[in-house]
Each structure stands twice: as structure tokens, then as C-alpha cells.
Trainee: 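The following block contains the structure, expressed as C-alpha cells.
Throughout, protein chains are lettered first and strands after them, A, B, ... in sequence-line order, and every chain is numbered starting at 1. Below, each value reflects all heavy atoms present in this structure, side chains not excepted, and no hydrogens, waters or symmetry copies.
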There are 2 protein chains.
Amino acid sequence: MPNEESRRPHTGRRRNEEARRAILDAAVELIGRDEGPVTIDTIAAAAGVGKQTIYRWWPSKGAVLLEAMAERATADVPVTDTGSLAGDLDAFLLATFRSAGTGRTAPLLRMVMAEAQRDEQVAEVMRDFIAKRRAALRGVLERAGGRGEIRADADLDLMVDQAFGVLWYRILIGHAPLGENEARELGRSLVIQSRP
Amino acid sequence: MPNEESRRPHTGRRRNEEARRAILDAAVELIGRDEGPVTIDTIAAAAGVGKQTIYRWWPSKGAVLLEAMAERATADVPVTDTGSLAGDLDAFLLATFRSAGTGRTAPLLRMVMAEAQRDEQVAEVMRDFIAKRRAALRGVLERAGGRGEIRADADLDLMVDQAFGVLWYRILIGHAPLGENEARELGRSLVIQSRP
DNA sequence: TATTGTCGAGACTTTCCGTCTCGACAAGTA
DNA sequence: TACTTGTCGAGACGGAAAGTCTCGACAATA
């Protein structure tokens, strides 16, 4: 089956980028403000948009939130190279905790994770997102391994999950803060447990 | 205001223990079987019970699932004393992973966590449950600290969250297994990072 | 035997999701 | 300029699920 896009150039009115931004921003804004329910109807109303405009471009509410989350995560957490495992971990974890643990983002992450549990389509995209974040952190560890900073029998995947596990666990339960001190202490414990 | 229970002894028909068991079991069974939706109606029907009988004793579906989860966790994971940190951690983590990572329980945990994100009442009880689990593991670490097995500046709360963080993160995302090997490897990394 | 509270069953209301339809409008085509 | 195509905001609509309410039956106690 040939691709229909290639047979015929696009006709008709184009997608409104302003509507897309308004939807993503309204969703995050509603969740962060924490006043009343966050539904497709309230998001559409807050964005000044019809419901169909949302469903035309996203399959579900979870997909909207997931896109907003991914947008922020990739923009806020670049991978830097300081030359040492301790430095790289500190940079990565500080940026990650700052981005995820902050006021508007944490409630967003909570709702995305909840949606992923009851919507297999959201879970699918979520796994892709998670895989990318894990690969970024794993890259930091592998680079340190190449410098001889990590013992040979260390379980890198487990270390990655320890880091993101603490992050998500604390976000979802809310029993402990996610600040700079916590990021640094976590980085330190990962360095210690992986030393040759 | 005096307690009404103390003024007048209970009269009328008593709570049916068999109905309670049937409700909790039906809920877990429905979630584990993963066929069709798990709602208050389907739980009531599967338990052979009226909806009102559920709402008389639990405020929401999440509360039912949370009770079923807590019931299993406390029964399946006793704290044992082997005399060494490595042994105690192994016993605790093996029992925990066996209980949580297994077929019927993991989907239950997923749904409870999801409910806790959108129901503050469930979240409240959830935090109590989590606090008890964390205290159990922290007790293991403190006992090891008393034996001089842990460095003085170790962050015990962070270690606890690393363990449960990995558990929940892998349950919720499903990107990696939660078997005996993983439990042992996790125990090993916690021992290494906390050595004096 | 009378009172009290639980039982199973199901009707009912409310909320939210997701689909469908409408007239208006914008972008490309003839 | 007309015509075609697809998006826009708005809202009606049906279905699913939560949670409330009522009913007659039944069990435990006074």
C-alpha cells in the first residue's frame, strides 16, 4: 500500500500550532493549580478549544499529558560531560530532580503515571519515554566505566533504576522531598557502590 | 462528645465476615485475571454481593484494593534476624520481591498506586502502609548499624527508598523483571554502598 | 416478640469519556 | 475567482463507571 501522503500533497486548512500550545499549557496549568477536576472538557475549555480539536491530535488525555511531560524532560535535562562520574552524576541528577520535583511538574508526572496504569496506549508511549531517560543515565555510567571508574561486575541497569526509582517513588508517595541535597546524596551513594 | 459505641452495645445483625473475604478475594481475582474491566459493579457481582455492602465498609474501590494489598504484604514479608546485614537484606528483599513481583499481586499494586494518585483518601491510607513497610526495612538497617556494619554517614532513608524505589519503578513501568536474582543483586549493592 | 442493623438486588443520578454533527473558516487547486 | 479539502470552536449525544438510595428479607440482640 503506497503512502497516501506521497500521492497527493496536503490540502485544506493546516493544523493550528497555537491551539496545540494552548492545549498542552492549559493541561499543565490545570493540574498544577489543583482546583477542581482535570478532564478533557476542562482542558478544552481552559484552552479555548473544542474537544474534537484535542481528540483529532491525541488519542486520550494521558497522551496529551505525556507529550507535555516529554517536552519538559528533554529540554530540562541535557547530558553534560564533566570528566568524572561524580561530576556527571551530580549534573544529571541535579537537573533531573530540579525539573521533576518542582511545583508544576510533579503533579503532572503523578497523573501521567496513573493514566499509564489504566491505558495500555499511554503505557506504550510511556515505556518509550522511560527507555530514553534510562539510556541517557546509562550512557553516563558507561562512559565512567570506560575510564575505569566502575567495578567490572556492577549492574548498571540496577543503578539506573535505583536513581529513577527513588525519584518516582518519592514523587508518587510524597513522603520525602526531592531537592538538591537529595540529588547529591543519591549521586554519592551510586559512586560509592560502583567503585572498583 | 461521648463515643456512641460505649453508650449502647451493638444491636442488629453483625457484619458478615464471609462477605468481606469474598469481596477482597473477588477484587484480587478480577485484577489478576485481566479479563474485562474491574469496577465496583463487577467486583460485587463476582463476590455475589450487593454494591451497598461494599460501600458500607469501604469508601471507594481503592480502599478495597489497598486492604487486600496490605493484607498480603504483612503476611508475606516477616522481618527475620540472620545476624548479618547481607543475610537480613537478602531475606527481606527476596520475600518482598517474591510477594510483590508475582503474577496476581503486581497488577494489584499497579492499580492501587494509580487509585492513590486520583483519590486523596486512598493516598492517605497508602502513605500509612508505605511508612510501615519503610520502617520494617529501616529496622534491618538500624540493627546492622548497631553491629557496626554501616558507615556513620550513610543515609538510611535514602537506602530504603532505593530498595522500594526499584521495586515500584519496575512494577509500574514493567521494563525489567523482579525475580530472585534482582533481589540479591539489589541487596548486594546496598551492602556495598553502606560499608564503613 | 420487637428492635436494630446487615444482607442482596437493582433503580437512579452524576461525572467523564469519546463520537458525531454543525456552520465557519483557512489553505491550496482549478 | 470559484471550488475542494481539512481544521476550527461549540455542543449534543450515548455509554461506562462511581456513588446514593430504596426495597423486602434476614439475623442478632433486648
Side-chain angles (χ1 to χ4, degrees), chain A residues 4-27 30-31 35-66 111-112 114-123, chain B residues 4-27 30-31 35-66 111-112 114-123:
Chain A
E4 188 159 352
E5 303 281 339
S6 61
R7 284 199 295 99
R8 178 179 53 69
H10 182 84
T11 61
R13 186 175 181 175
R14 306 308 169 81
R15 178 175 189 179
N16 185 350
E17 178 59 25
E18 291 174 16
R20 176 179 166 278
R21 269 260 60 83
I23 291 167
L24 293 175
D25 291 344
L30 279 180
I31 292 178
E35 295 166 2
V38 180
T39 70
I40 291 284
D41 291 80
T42 60
I43 293 172
V49 144
K51 285 171 63 177
Q52 188 62 24
T53 302
I54 296 181
Y55 281 111
R56 198 189 318 275
W57 302 107
W58 293 277
S60 64
K61 179 174 67 178
V64 175
L65 304 182
L66 196 43
M111 190 165 289
V112 170
E115 287 297 310
Q117 301 310 312
R118 60 173 210 76
D119 184 333
E120 179 50 34
Q121 280 191 292
V122 174
Chain B
E4 187 161 351
E5 303 281 339
S6 62
R7 284 199 297 97
R8 179 179 53 69
H10 182 86
T11 61
R13 186 175 181 174
R14 307 308 170 79
R15 176 175 191 178
N16 186 350
E17 178 58 24
E18 290 173 17
R20 177 180 165 278
R21 270 261 58 82
I23 291 166
L24 293 176
D25 292 345
L30 278 179
I31 293 178
E35 296 166 2
V38 179
T39 70
I40 291 284
D41 291 80
T42 60
I43 293 172
V49 145
K51 285 171 63 177
Q52 188 60 24
T53 302
I54 296 181
Y55 280 112
R56 198 189 318 275
W57 302 107
W58 293 277
S60 64
K61 180 175 68 179
V64 175
L65 304 181
L66 194 43
M111 189 166 289
V112 170
E115 287 297 310
Q117 301 310 313
R118 61 171 208 78
D119 184 333
E120 179 51 34
Q121 280 191 291
V122 175

Trainee: Quick one: the side chain of B/Q52 and the base of C/dC7, do they pair up donor-acceptor inside 3.5 Å?
Mentor: no

Trainee: Check the phosphate of D/dA16 against B/T39, side-chain N and O only, distance under 4.0 Å to OP1 or OP2. Yes or no?
Mentor: no

Trainee: Given atom CD of A/E17 and atom P of D/dG6, what is their separation to the nearest angstrom?
Mentor: 21 Å

Trainee: What closest approach, in Å, do B/A116 and B/A123 show between heavy atoms, and which atom pair accounts for it?
Mentor: O-CB, 3.3 Å

Trainee: Rounded to whole angstroms, how far apart are CZ on A/R13 and P on C/dT29?
Mentor: 18 Å

Trainee: Please determine if a side-chain N or O atom of B/R15 lies less than 4.0 Å away from the OP1 or OP2 oxygen of C/dG5.
Mentor: no

Trainee: When rounded to the nearest 0.5 angstrom, what is the spacing between CG in A/D41 and NZ in A/K51?
Mentor: 4.0 Å

Trainee: Indicate, with a heavy-atom threshold strictly under 4.0 Å, whether A/W57 touches base, sugar-phosphate, or nothing.
Mentor: sugar-phosphate

Trainee: Give me the atom names and distance for the closest heavy-atom approach of A/I43 to A/I23.
Mentor: CG2-O, 4.0 Å

Trainee: Please give, in whole Å, the distance from D/dT20 P to B/Y55 OH?
Mentor: 7 Å

Trainee: Rounded to whole angstroms, how far apart are CG on A/N16 and P on D/dA10?
Mentor: 13 Å

Trainee: Taking only the side-chain heavy atoms of A/I40 (C-beta and beyond), determine which of D/dA18, C/dC17, C/dC7 contains the nearest atom.
Mentor: C/dC17

Trainee: Measure the distance from CG on B/L65 to P on D/dA18 and round it to the nearest whole Å.
Mentor: 10 Å

Trainee: Take the protein atom CD1 of B/I43 and the nucleotide atom C1' of C/dG8, then report the distance between them rounded to whole Å.
Mentor: 17 Å

Trainee: Please give me the minimum heavy-atom distance between A/L66 and A/V112, naming the atom from each residue.
Mentor: CD1-CG1, 3.6 Å

Trainee: Taking CD from A/E18 and C1' from D/dG9, how many angstroms apart are they, rounded to a whole number?
Mentor: 14 Å

Trainee: Select from B/P37 and A/R20 the residue whose nearest nucleotide in DNA chain D is closer to the 5' end of that strand.
Mentor: A/R20

Trainee: Does C/dC7 have its OP1 or OP2 closer than 4.0 Å to a side-chain nitrogen or oxygen of B/R56?
Mentor: yes

Trainee: Taking 4.0 Å as the cut-off, does a side-chain nitrogen or oxygen of A/T53 come that near to OP1 or OP2 on D/dG9?
Mentor: yes

Trainee: Ignoring hydrogens and angles, answer whether the base of C/dG8 and the side-chain atoms of B/K51 contain a donor-acceptor pair closer than 3.5 Å.
Mentor: no

Trainee: Got a salt bridge between A/R20 and A/E17, using NZ or NE/NH1/NH2 to carboxylate O under 4.0 Å?
Mentor: yes

Trainee: Rounded to the nearest Å, what distance is computed from the CD1 atom of residue A/I54 to the P atom of nucleotide D/dC8?
Mentor: 11 Å

Trainee: If you look at every strand shown and take non-hydrogen atoms under 4.0 Å, does B/K61 touch a base, only sugar-phosphate, or nothing?
Mentor: sugar-phosphate

Trainee: Pick the closest DNA chain C nucleotide for B/R14 and for A/G12 by heavy atoms, then say which residue is nearer the 5' end.
Mentor: B/R14

